[in-house]
Each structure stands twice: as C-alpha cells, then as structure tokens.
A.B. asks: 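Encoded as structure tokens, here's the structure I'll be asking about.
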Amino acid sequence: MSKRYTAEFKRDAIALVRSSPHRNVTEIARELGVSPEGLRGWVKQDRTDRGEGPVGALTSDEREELRRVRRELAEVKKANEILVKAAAFFAKEIVK
C-alpha cells in the first residue's frame with residue numbers, strides 16, 4: 001500500500017535533493033523513509049514544473065487540468081447518453 005505525503009514534505013525532500021548534488025537520491029530517500037523511485041519521480045516532476053524537463057512533458061498544473069477535463073468529458077458523455085435514451089423514449093410515445 002502506498003503512503004500519501006504532504007506537499008510540504010515533498011517540497012522539502014526535493015529541496016534536499018537539489019541542495020545535495022554530492023549525495024545520490026537513494027541515500028536521501030533512505031534517510032527520509034521514502035522509496036527511491038518515488039523521490040526520483042518527485043524530483044523529475046519538479047524539474048518539469050520548472051521548465052527544465054523533457055520536451056512535451058506535462059507540468060503538474062497541466063496534469064491536473066487534464067484530469068479535470070477527462071472527468072468533465074465523462075460526465076458530458078453520460079448526460080448525452082441519457083438524453084439520447086430520453087429522446088428515443090419520447091419519440092416512441094409520440095408515435096403511439
């Protein structure tokens with residue numbers, strides 16, 4: 001089961017990695033009690049958010065916007081499906 005860390009904890013962990021170029025991420029992760037893969041991910045996302053990431057990588061804000069738009073699209077699709085069924089139902093009623 002994965003743990004959830006606060007934004008402040010992540011920010012501090014990233015700052016520690018950035019301010020310790022002579023230490024590796026695995027060592028710092030062990031010290032903080034987090035997984036090295038998780039810490040690497042946080043650092044990578046921070047670089048992207050700072051505009052230092054790979055071309056095409058999504059920032060945290062862009063990822064959140066994408067999640068929001070996908071949720072909204074799913075809701076619109078459900079509403080559309082309901083409207084199509086209602087239109088078909090009422091079309092049958094009118095023909096009777």
Side-chain angles (χ1 to χ4, degrees):
M1 186 157 96
S2 67
K3 295 180 182 178
R4 300 291 284 182
Y5 297 97
T6 65
E8 182 181 11
F9 179 83
K10 290 179 182 181
R11 190 173 48 249
D12 291 346
I14 292 164
L16 182 58
V17 170
R18 291 176 64 87
S19 68
S20 305
H22 59 283
R23 297 173 64 199
N24 65 40
V25 172
T26 303
E27 180 183 334
I28 295 170
R30 220 179 281 127
E31 199 175 280
L32 296 173
V34 300
S35 77
E37 296 81 19
L39 183 55
R40 279 190 195 91
W42 299 344
V43 171
K44 181 179 177 183
Q45 187 62 51
D46 179 66
R47 284 188 185 121
T48 299
D49 291 347
R50 291 173 183 268
E52 302 167 2
V55 174
L58 298 176
T59 65
S60 295
D61 289 342
E62 290 168 332
R63 286 178 183 273
E64 182 55 38
E65 176 71 5
L66 183 58
R67 274 192 290 274
R68 186 191 64 74
V69 168
R70 284 181 174 165
R71 274 193 308 269
E72 189 175 313
L73 177 61
E75 290 174 14
V76 168
K77 283 182 176 182
K78 285 180 186 178
N80 189 49
E81 186 179 308
I82 291 168
L83 290 172
V84 167
K85 288 179 181 178
F89 173 79
F90 287 116
K92 287 180 186 177
E93 289 295 315
I94 292 173
V95 173
K96 285 184 181 179

A.B. asks: Apply side chain to side chain donor-acceptor pair (under 3.5 Å) to the pair Arg40 and Thr26, showing each step before the final yes or no.
C.D. replies: CA-CA 9 Å; Arg40 279 190 195 91; Thr26 303; 2.8 Å; yes

A.B. asks: Does Ser20 reach the main-chain N or O of Arg23 with its side chain, forming a donor-acceptor pair under 3.5 Å?
C.D. replies: no

A.B. asks: Using 4.0 Å as the upper bound for N to carboxylate O, is an ion pair formed by Glu64 and Arg68?
C.D. replies: no

A.B. asks: Which atom pair, heavy atoms only, marks the closest approach of Thr48 to Pro54?
C.D. replies: OG1-CD, 4.1 Å

A.B. asks: Side chains of Ser60 and Asp49: do they bring a donor and an acceptor to under 3.5 Å?
C.D. replies: yes

A.B. asks: Tell me the closest heavy-atom pair linking Tyr5 and Gly33, and the distance in Å.
C.D. replies: OH-O, 3.6 Å

A.B. asks: Considering only heavy atoms from C-beta outward, does the side chain of Glu8 approach that of Asp12 to under 4.5 Å?
C.D. replies: yes

A.B. asks: Counting only heavy atoms from other residues, nucleotides and ligands, does the tally under 6.0 Å from CD of Glu52 exceed 12?
C.D. replies: yes

A.B. asks: Answer yes or no: does atom CZ of Arg67 have more than 12 heavy-atom neighbours from other residues, nucleotides or ligands under 6.0 Å?
C.D. replies: yes

A.B. asks: Would you give the length of the straight line joining atom OG1 of Thr59 to atom CD of Glu65, rounded to the nearest 0.5 angstrom?
C.D. replies: 10.0 Å

A.B. asks: Rounded to the nearest 0.5 Å, how far apart are CZ of Phe89 and CD1 of Ile94?
C.D. replies: 10.5 Å

A.B. asks: Do Phe9 and Val34 come close enough that some side-chain heavy atom pair is under 4.5 Å?
C.D. replies: yes

A.B. asks: Do the non-hydrogen side-chain atoms of Leu16 and Glu31 ever get within less than 4.5 Å of each other?
C.D. replies: yes

A.B. asks: Measuring from Glu75:CD to Lys78:NZ, what's the distance to the nearest 0.5 Å?
C.D. replies: 7.5 Å

A.B. asks: Evaluate side-chain contact (heavy atoms from CB on, under 4.5 Å) for Asn24 paired with Glu27, printing each intermediate quantity in order.
C.D. replies: CA-CA 6 Å; Asn24 65 40; Glu27 180 183 334; 3.1 Å; yes

A.B. asks: Are the side chains of Asp46 and Arg18 in contact, using a 4.5 Å heavy-atom criterion?
C.D. replies: yes

A.B. asks: Under a 4.5 Å cut-off applied to non-hydrogen side-chain atoms, are Asn80 and Lys77 in contact?
C.D. replies: no

